[in-house]
Amino acid sequence: MLKIYNSLARAKQDFVPITPGSVRMYVCGMTVYDYCHLGHARVLVVFDMVQRWLRASGLQVTYVRNITDIDDKIIKRAAENKESIAELTERFIAFMNEDALALGVEPPDHEPRATAYVPQMLALIGQLERNGLAYQAADGDVNFSVRKFAGYGRLSGKSIDDLRAGERVEVDAAKGDPLDFVLWKHARDDEPSWASPWGEGRPGWHIECSAMSSDLLGKHFDIHGGGQDLQFPHHENEIAQSEGAHRCRFVNYWMHNGFVRVADEKMSKSLGNFFTIREIVRKYDPEVLRFFILRAHYRSPLNYSETHLDDARQALTRLYTALKDVPAETPPVDWTAPHAQRFSQAMNDDFNTPEACAVLFELATELNRNRSPALAGQLRALAGVLGLLTRDAQAFLQAAPSSATGSGTDDAAEGIEALIADRAAAKKRRDYAEADRIRGELLAAGIVLEDGTAGTTWRRS
RNA sequence: GGCGCGAUAGCAAAGCGGUUAUGCACCGGAUUGCAAAUCCGUUGAGCCCAGUUCGACUCUGGGUCGCGCCUCCA
């Protein structure tokens, strides 16, 4: 039985889908005005892992991950770049897709863009107005009346009266209450806008997710995920909007992944201490990055440093090394095997990927002992559930750092093979000095030679 | 000020009221022309103070420290 930590309940709960056998899941994706950083990588990988495990568990999954392609920052950045909003967002959507692909993230079933859902947002705002929860302020903005929605603050554990609105950000004087949030912003001359019953304008940040999720998944669905920083106010406001409009339960299970940190501080755009995915992938294989993310529990903080990435690389190398000389075929998982059972138990315990990875390493040790092809298949199959160890072992071990695809075929390979041949000849005539010289030369270039019974192989150190 | 999370060996990171987590690094041995990889073995842990218990890293209470949210953020 799968247990999920539900942010709403602040406890692990048995996962019971609304419709037996199928799951509907919505995850807040990217605002596309810049490159994805490690924090984004974590959301992408974590919910990809969740989605994979749900499917591996035999559930039929509908996974929606939205794209925010209209908001203040996008407008600002497009203006700075002197380009259209569409040009800006299209470019970064393409970059995001490249990053996701490199990280082994499977495409979601739906990737709705906010700008394509304005009619649905307007309908939702209209419904909120009819339900007495929305009002148009003097400045033309349509706001949500937070105090009229019972239960506001339940997800984030906040009491309305304790919220210090205005302490850190100036309160909009036109709002009926400082805590009220915007559903529809009145148009300004230099900004894009859409026609609406409340005049020309553009959507507030939160309304898009309420509109897209209900359109694609229905008014009531199973799982809603996102980064911890979205719990308040974004997700709290989504609940208010969706439940306020539809008058029914919105989401059963709320999942929030922990932050990525740098030197014990949250990685964020505003702090400027972020590393982009493509920046990291220039130096580390993307699979190392995926493994780095998955070897920590999704709710724990994840401290980023190159030392930790080096460590992850070494660990992943051990796994691939175990698979080096066994046939690269991935049979279906034999879930009755003891290792698979432990793996499954770990994953069913709120997606305990660190424990699941530990099983992988135990499997590797056993495989190193007996070189059983069946065991190798099992290792590949289980790791495959996490989206790991999907490549040819040799290709991974020989992949150049910058080769994001990990194809393993680069120009250096021929030269290396030639030197290996020279060294073999030297060894044959017992010229060990020359053999060691070649070994040293390659080692200095980051190439490790390994003499085996079947000849010499190489890998990158 | 309100609310929440965490503290595990050199580093990273899990489970568990009593039995080896796991990975990296380290040490000894096997193996190797030398290596690397691998195997075998050793070392090493649970912030502090109380309490519960036959027994606590694991439960309870208090403290200390760190982090986060209350503003845009994944």
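Values below: all heavy atoms of this structure, side chains included; hydrogens, waters and symmetry mates excluded. In what follows, chains are A, B, ... by sequence order, proteins preceding strands, each numbered from 1.
Inter-residue side-chain proximity for A:Ile67 and A:Pro112 is flagged as unmet; no heavy-atom pair is nearer than 4.5 Å.
No side-chain donor-acceptor contact under 3.5 Å links A:Thr62 and A:Asp109.
Distances shorter than 4.0 Å separate none of the side-chain N or O atoms of A:Gln314 from OP1 or OP2 on B:rG23. Checking the phosphate oxygens (OP1, OP2) of B:rC5, no side-chain nitrogen or oxygen of A:Arg261 falls inside 4.0 Å. Considering only side-chain N and O atoms, A:Ser156 lies nowhere under 4.0 angstrom from the phosphate OP1 or OP2 of B:rG2.
The base of B:rG33 sits within donor-acceptor range of the side chain of A:Asp436, with an N or O pair under 3.5 Å. One donor-acceptor pair, N or O on each side, does fall under 3.5 Å between the base of B:rA35 and the side chain of A:Arg439. One N or O donor and one acceptor, one from the side chain of A:Arg423 and one from the base of B:rG33, sit under 3.5 Å apart. A donor and an acceptor atom sit less than 3.5 Å apart, one in the side chain of A:Lys158 and one in the base of B:rC69.
B:rA21 and B:rC16 are spaced 10 Å apart, taking the C1' atom of each and rounding to whole Å.
Remark: B:rU60 base-pairs with B:rA50. Criterion, Watson-Crick or G-U wobble with two distances under 3.5 Å.
A cation-pi arrangement is present between A:Lys269 and A:Tyr33 under the rule of less than 6.0 angstrom and at most 45 degrees off the ring axis.
Using a 4.0 Å heavy-atom distance criterion, A:Gln231 is classed as making no nucleic acid contact.
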Using the 3.5 Å cut-off, write out each protein N or O paired with an N or O of nucleotides 30-32 of chain B and the distance between them.
none

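Here the two rings, on A:His37 and A:Phe275, have centers that are 6.0 Å apart or farther. Taking the six-membered ring for Trp and the full ring otherwise, A:Tyr253 and A:Phe15 have centroids separated by under 6.0 Å.
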